[in-house]
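First comes the structure, then the notes that go with it.
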Amino acid sequence: MQPIVNEPQSEQELLDRAVNLAGLNLAQLADMAGVSVPCNLQKEKGWAGQLLECLLGAYAGSKPVPDFEHLNIELKTLPISRQGSPLETTYVCVAPLTNVAGLTWQDSVVKKKLSRVLWIPILAERTIPVAERIIGYPLLWSPSAQEEQALQADWEELMEMIALGQIEQITAKHGEVMQIRPKAANASIRTAAVGHHGQPIEALPRGFYLKKNFTQTILRNSTV
DNA sequence: ACATGATCATGC
DNA sequence: GCATGATCATGT
């Protein structure tokens with residue numbers, strides 16, 4: 001999927017574009033982009049997110065930079081129920097498993113990634129055919145002081161465990177608003193990590209994910 | 001019913 | 001292998 005518009009030149013232009021997509025369904029968006037709608041997302045889990053990128057003029061591709069680099073804005077689609085509740089957690093970034101000594105929240109990739117996010121809710125209950133899922137009203141967000149505190153607390157807890165060589169003890173239950181879970185093509189993938197005694201080990205790659213309670217709060221706080 | 005752990009596609 | 005985009009599907 002290639003971008004079909006130029007890069008937005010301002011936050012407002014980006015937001016305007018997103019607002020203009022609200023209320024449309026994925027079939028209409030696919031039509032605008034000249035692509036076909038998959039029957040399900042089993043083999044194209046990122047399809048809707050990539051479709052929105054293309055329609056809004058994101059050019060970053062798979063580069064480790066914000067979707068809208070010059071605006072420092074990250075784009076996230078968020079599947080929601082008819083009640084407006086998030087249906088999935090939200091991937092943030094890979095969790096560093098080596099050389100973590102001295103890393104601070106202020107310099108973390110998580111903080112940077114979440115500093116400014118354009119959330120685009122999609123009514124995406126699994127019973128709704130992909131083509132009929134509807135784009136919701138967009139939300140341009142930066143964490144409040146309270147939200148950042150919560151994120152920082154979880155980040156510090158989780159990173160401390162990693163720094164102590166406890167990566168294999170971390171489960172998705174750790175963290176109040178953010179968790180660490182596997183992020184890999186399959187469970188046999190391995191990457192460099194650090195063990196209990198500081199020795200090098202191989203571990204399943206992990207990622208930071210925002211829990212539903214957190215993204216729910218973001219949506220609620222924007223409710224009119 | 002739901003979250004956790006597992007997985008899928010793609011580019012370089 | 002690691003980054004991007006996430007949702008699937010099983011266990012509890």
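Computed from heavy atoms alone, side chains included, the values below leave out hydrogens, waters and symmetry copies. Just so it is clear, the model here is predicted, and its values are computed rather than measured. In what follows, chains carry the letters A, B, and so on, assigned in the order in which the sequence lines appear, proteins first and then strands, with residues in each chain numbered from 1.
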Main-chain N/O of A:Leu75 paired to A:Asp67 side chain as donor or acceptor, under 3.5 Å
yes
Is the shortest side-chain N to carboxylate O distance from A:Glu74 to A:Lys111 below 4.0 Å?
no
Evaluate the side-chain proximity of A:Ile120 to A:Lys76: yes if any heavy-atom separation is below 4.5 Å, no if none is.
no
Contact list please: residues 71-78 of chain A against DNA chain C, heavy atoms, distance less than 4.0 Å, in numerical order.
A:Glu74, A:Lys76, A:Thr77
Mind checking which nucleotides bracket the chain A contacts on DNA chain C, 5' to 3', with an atom under 4.0 Å from a heavy atom?
C:dC2 to C:dA9
Is there side-chain contact between A:Ile170 and A:Ile162, with heavy atoms separated by less than 4.5 Å?
yes
Side-chain donor-acceptor pair under 3.5 Å between A:Gln216 and A:Ser85, yes or no?
yes
Selection: residues 37-55 of chain A, any non-hydrogen atom under 4.0 Å of DNA chain B
A:Gln42, A:Lys43, A:Lys45
Any base atoms under 4.0 Å from A:Thr90, or only sugar-phosphate, or nothing? Heavy atoms, all strands.
nothing
Specify the residue among A:Lys183 and A:Leu87 whose closest nucleotide of DNA chain B lies further upstream toward the 5′ end.
A:Leu87
Donor-acceptor pair, side chain of A:Arg206 and main chain of A:Ala95, under 3.5 angstrom
no
Can any side-chain N or O of A:His70 pair as donor or acceptor with the backbone N or O of A:Pro8 at less than 3.5 Å?
yes
Can you check side-chain contact (heavy atoms from CB on, under 4.5 Å) on A:Gln199 and A:Ile201, steps first, answer last?
CA-CA 6 Å; A:Gln199 80 280 24; A:Ile201 63 170; 4.0 Å; yes
Quick test of your reading of the model: are A:Arg116 and A:Glu11 salt-bridged, counting only N-O distances below 4.0 Å?
yes
Enumerate the residues from residues 100-119 of chain A whose closest heavy atom to DNA chain C is under 4.0 Å, giving them by residue number; use none for an empty result.
A:Lys113
Examine distances only and state if a side-chain atom of A:Lys211 and a backbone atom of A:Gly175 form a donor-acceptor pair shorter than 3.5 Å.
yes
Whether the side chain of A:Tyr137 engages the backbone of A:Gly23 through a donor-acceptor N/O pair (distance < 3.5 Å, no angle test) should be reported.
no
With a 4.5 Å cut-off on side-chain heavy atoms, are A:Gln179 and A:His174 touching?
no
I want to confirm an ordering. Mapping A:Cys93 and A:Arg133 to their closest nucleotides on DNA chain C, which one lands closer to the 5' end?
A:Cys93
Specify the residues of residues 13-34 of chain A, ordered by number, for which at least one heavy atom lies under 4.0 angstrom from an atom of DNA chain C.
none
Keeping the roles fixed (side chain from A:Glu157, backbone from A:Asp154), state whether a donor-acceptor pair exists under 3.5 Å.
no
Output, in order, the C-alpha distance, side-chain angles, deciding distance and verdict of side-chain contact (heavy atoms from CB on, under 4.5 Å) for A:Trp155 and A:Met178.
CA-CA 8 Å; A:Trp155 185 89; A:Met178 187 168 65; 3.8 Å; yes
Check: A:Ala27 main-chain N/O paired with A:Asp31 side-chain donor or acceptor under 3.5 Å
no
Side chains of A:Val100 and A:Val194: does their closest heavy-atom pair fall under 4.5 Å?
no
Please check if the side chain of A:Thr98 supplies one atom and the backbone of A:Ala192 the other of a donor-acceptor pair under 3.5 Å.
no
Residues from residues 150-175 of chain A sitting under 4.0 Å of DNA chain B, heavy atoms only?
A:Thr171, A:Ala172, A:Lys173
What nucleic acid atoms does A:Pro79 come within less than 4.0 Å of, heavy atoms only: base, sugar-phosphate, or nothing?
sugar-phosphate
Quick one about A:Thr171 and A:Arg181 (side-chain donor to acceptor, distance below 3.5 Å, no hydrogens or angles considered), yes or no?
no
